[in-house]
Amino acid sequence: MSDKHSIHETNSAYWNTRGNEVLKAIVLPQYGAFISEEHHRLFGDVSGKKLLEIGCGNGESLQYHAQRNASELWGIDLSSQQIKRAEQHLKAQGLFAKLICSPMEEECGLPEAYFDFVYSIYAIGWTTDLEGTFRRVASYLKKDGVFIFSWSHPIHRCVAEENNQFVWKKSYFDDTWHPVFPDAVQGELTLADRTLSTYINTLARAGFIIEQMIEENDEDLLPADGGASDLAKRAKMFPVTFVLKARKL
Ligand SMILES: C[S@@+](CC[C@H](N)C(=O)[O-])C[C@H]1O[C@@H](n2cnc3c(N)ncnc32)[C@H](O)[C@@H]1O
């Protein structure tokens with residue numbers, strides 16, 4: 001199960017066939033359901049900047065930066081179909097990005113010391129090699145370049161709801177690869193849940209300093225009654241998303 005090749009095979013088959021039908025796209029300005037770039041301004045002004053998105057999915061986050069006058073946009077994704085969707089989406093908006101179909105863990109011809117920003121919205125956690133991926137990200141960035149990513153909060157991954165109560169369902173420290181089934185009908189993904197300290201310490205080892213971490217919700221995005229959706233109910237009690245902003249030393 002923890003073999004990189006079989007994980008990529010399973011996960012690219014899912015994204016190639018199911019795309020965002022079941023797992024809805026999470027795209028900028030949203031970092032997750034209740035955290036937004038509009039509120040936190042982690043990127044600031046991207047005009048004239050070169051940006052790379054890791055796991056670019058359908059291309060909508062690239063579109064967000066294109067409309068804010070980024071000078072160059074690049075995206076990579078494991079799934080050839082996601083790359084095709086991104087290409088078509090951007091083309092339909094009259095926009096362009098250099099898109100590469102590749103696992104983020106592998107050398108894929110991206111230029112080194114080139115980008116002002118590397119970012120990822122709900123894709124980094126799919127890597128089979130966090131340390132290698134962060135080292136690659138560092139190599140793509142210019143000195144003082146910024147890496148921003150969001151991912152599912154590991155506490156959110158540990159908690160289930162049973163009989164109107166939240167219950168702790170698995171160890172926070174369990175980082176083994178396991179199958180997940182987002183769709184009751186068909187489609188399997190393979191995922192490992194890592195602790196927050198794993199993300200932070202791995203960033204440090206790859207040559208980054210952390211500038212900001214966000215776990216809290218933007219109050220204006222959370223429905224006031226808290227019961228409007230299962231996710232909102234969870235988000236009132238514990239973080240469902242985290243965002244990290246780090247700078248390459
Ligand atoms: C949840 S989506 C995130 C992308 C976009 N923000 C969205 O919500 O659609 C995850 C994306 O990561 C890609 N992905 C999964 N594993 C990957 C890997 N090892 N390397 C590069 N991309 C990967 C998938 O193909 C998918 O497009």
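These figures come from a predicted structure and were not determined experimentally. Whatever order the structure lists ligands and atoms in, that order sets their numbers, starting from 1.
- Under 4.0 Å from ligand 1, not a single heavy atom of Glu60 appears.
- With ligand atoms numbered from 1 in the order given, ligand 1 contributes 7 (C), 8 (O), 9 (O) to contacts under 4.0 Å with heavy atoms of Ala25.
- Contact between Pro103 and ligand 1 is present, with at least one heavy atom of the residue lying under 4.0 Å from the ligand.
- In summary, the atoms of ligand 1 found under 4.0 Å from a heavy atom of Gly57, numbered by their order in the structure, are 4 (C), 27 (O).
- Remark: Asp193 engages Arg157 in a salt bridge, criterion side-chain N to carboxylate O under 4.0 Å.
- Among all protein heavy atoms, the one lying closest to atom 16 (N) of ligand 1 is Trp126 CB, 3.3 Å.
- Contact annotation: the side chain of Met237 never approaches that of Val159 to less than 4.5 Å [non-hydrogen atoms, C-beta and beyond].
- Closest heavy-atom approach to atom 25 (O) of ligand 1 among the candidates Ile26, Asp77, Leu28: Asp77.
- For ligand 1, the atoms sitting less than 4.0 Å from at least one non-hydrogen atom of Ser79 are 25 (O), numbered in the order shown with element in parentheses.
- Screening Asp220, Val240, Thr241 for a side chain to side chain contact (heavy atoms under 4.5 Å, CB included) with Phe34, the sole residue that qualifies is Val240.
- Each of the following atoms of ligand 1 lies closer than 4.0 Å to a heavy atom of Tyr122: 1 (C), 2 (S), 3 (C), 10 (C).
- Under a hydrophobic-cluster definition in which Ile, Leu, Val, Met, Phe, Trp and Tyr are linked whenever side-chain heavy atoms come within less than 4.5 Å, directly or via other members, Leu249 and Ile148 are assigned to different clusters.
- Between the side chains of Gln63 and His89, at least one donor N or O sits under 3.5 Å from an acceptor N or O.
- Although no hydrogens or angles enter the test, the distance criterion places no donor-acceptor pair under 3.5 Å between the side chain of His40 and the main chain of Leu42.
- In terms of polar-atom proximity, Ile121 is counted as a contact of ligand 1, with an N or O under 3.5 Å from an N or O of the ligand.
- Within the 4.0 Å heavy-atom criterion, both parts of Leu78, backbone and side chain, lie near ligand 1.
- Residue contacts with ligand 1, taken as heavy atom pairs separated by less than 4.0 Å, do not involve Ser12 at all.
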Would you check, one step at a time, whether the test ring-ring contact (aromatic ring centres under 6.0 Å, His included) holds for Phe117 with Phe115? CA-CA 5 Å; Phe117 291 91; Phe115 294 97; over 10 Å; no
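- If you look at Gln82 next to ligand 1, the close heavy atoms, those under 4.0 Å, all belong to the side chain.
- Residues Ser47 and Asp45 bring a donor and an acceptor atom of their side chains to less than 3.5 Å of each other.
- Considering only heavy atoms from C-beta on, Val137 comes within 4.5 Å of Phe208 through its side chain.
- Among protein heavy atoms, atom 12 (O) of ligand 1 sits closest to Ala123 CB, 3.6 Å.
- Of the protein's non-hydrogen atoms, Trp15 CH2, 3.6 Å is the one closest to atom 2 (S) of ligand 1.
- On a distance-only criterion, Glu105 and ligand 1 share at least one N/O pair closer than 3.5 Å.
- For the residue pair Asn58 / Glu60, a side-chain donor-acceptor distance below 3.5 Å is found, with atom types taken as modelled.
- Considering both main-chain and side-chain atoms, Met104 comes within under 3.5 Å of ligand 1 through a nitrogen or oxygen pair.
- No continuous path of ILVMFWY side-chain contacts below 4.5 Å connects Leu78 to Met104, so the two sit in separate hydrophobic clusters.
- Those atoms of ligand 1 that come under 4.0 Å of a heavy atom in His8, given as number and element, are 19 (N).
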